[in-house]
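One structure below.
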Amino acid sequence: MRNEVDSLGRFVIPVKFRRMLNINHGDELDVTCQKGALVIKKAGQGCVFCDGTEDLFFFEERAVCRECLKKLTEKHW
């Protein structure tokens, strides 16, 4: 999906993505650059253990990345 940047550097996050990520009016967002891509996430939505943003799974509104989930299951089951 393409989106145009306005003269102030803003763009609209499409509603389907805002709904998927539970982003609402007034929410704080973290913006970073990783591997040449702009990464936008709701503040506090990285992995609860390592703050990673890739391959996230959500459990009771908490994010856990695939790597930490793997470590948890290897050590605790």
Side-chain angles (χ1 to χ4, degrees):
M1 174 176 292
R2 291 185 182 235
N3 203 323
E4 190 172 305
V5 177
D6 73 9
S7 62
L8 296 176
R10 301 175 298 193
F11 65 94
V12 174
I13 301 171
V15 69
K16 74 176 189 176
F17 296 127
R18 294 193 317 263
R19 286 182 181 149
M20 284 173 29
L21 299 171
N22 193 30
I23 295 173
N24 300 298
H25 175 27
D27 286 348
E28 291 186 13
L29 303 175
D30 290 330
V31 181
T32 58
C33 186
Q34 294 178 4
K35 299 179 185 175
L38 189 63
V39 177
I40 302 170
K41 67 177 184 170
K42 191 171 180 175
Q45 288 247 324
C47 175
V48 296
F49 300 107
C50 72
D51 203 35
T53 58
E54 295 184 18
D55 292 326
L56 295 177
F57 297 90
F58 289 85
F59 177 74
E60 296 183 7
E61 298 185 25
R62 301 285 188 206
V64 181
C65 73
R66 183 180 306 272
E67 190 61 33
C68 288
L69 183 61
K70 181 179 173 184
K71 290 176 185 177
L72 281 170
T73 55
E74 287 173 352
K75 292 183 180 185
H76 298 290
W77 298 108

Side-chain heavy atoms of [X] within contact of [Y], under 4.5 Å:
{"X": "Cys65", "Y": "Leu56", "result": "yes"}
{"X": "Val31", "Y": "Val39", "result": "no"}
{"X": "Asp55", "Y": "Glu67", "result": "no"}
{"X": "Val64", "Y": "Phe59", "result": "no"}
{"X": "Glu28", "Y": "Ile23", "result": "no"}

Next item on the list: Please test Leu29 against Ile13 for side chain to side chain contact (heavy atoms under 4.5 Å, CB included), starting from the C-alpha separation and ending with a verdict.
Entry: CA-CA 12 Å; Leu29 303 175; Ile13 301 171; 4.0 Å; yes

Spatial distance of atom [atom1] ([X]) from atom [atom2] ([Y]) [nearest 0.5 Å]:
{"X": "Lys42", "Y": "Arg18", "atom1": "NZ", "atom2": "CZ", "value": "12.5 Å"}
{"X": "Asp27", "Y": "Asn22", "atom1": "CG", "atom2": "CG", "value": "7.0 Å"}
{"X": "Ile40", "Y": "Thr32", "atom1": "CD1", "atom2": "OG1", "value": "9.0 Å"}
{"X": "Asn3", "Y": "Met1", "atom1": "CG", "atom2": "CE", "value": "8.5 Å"}

Item checked: side chain to side chain contact (heavy atoms under 4.5 Å, CB included) assessment of Glu54 paired with Lys35 -> CA-CA 12 Å; Glu54 295 184 18; Lys35 299 179 185 175; 4.0 Å; yes

Check: Has Phe58 got more than 12 heavy atoms of other residues, nucleotides or ligands less than 6.0 Å from its CZ?
Finding: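 Yes, enclosed.
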
Margin query: Surrounding CD of Glu4 (heavy atoms of other residues, nucleotides or ligands, distance under 6.0 Å), is the total greater than 12?
Written below: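 Open.
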
Note to self: Taking Lys41 first and then Asp51, would you say they form a salt bridge - that is, a charged N and a carboxylate O separated by under 4.0 Å?
What the structure shows: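 Yes, this pair counts.
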
Note to self: Count I, L, V, M, F, W, Y as connected when their side-chain heavy atoms are under 4.5 Å apart, and connections chain through other members. Are Phe57 and Val48 then in the same cluster?
What the structure shows: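 Result: yes, single cluster for both.
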
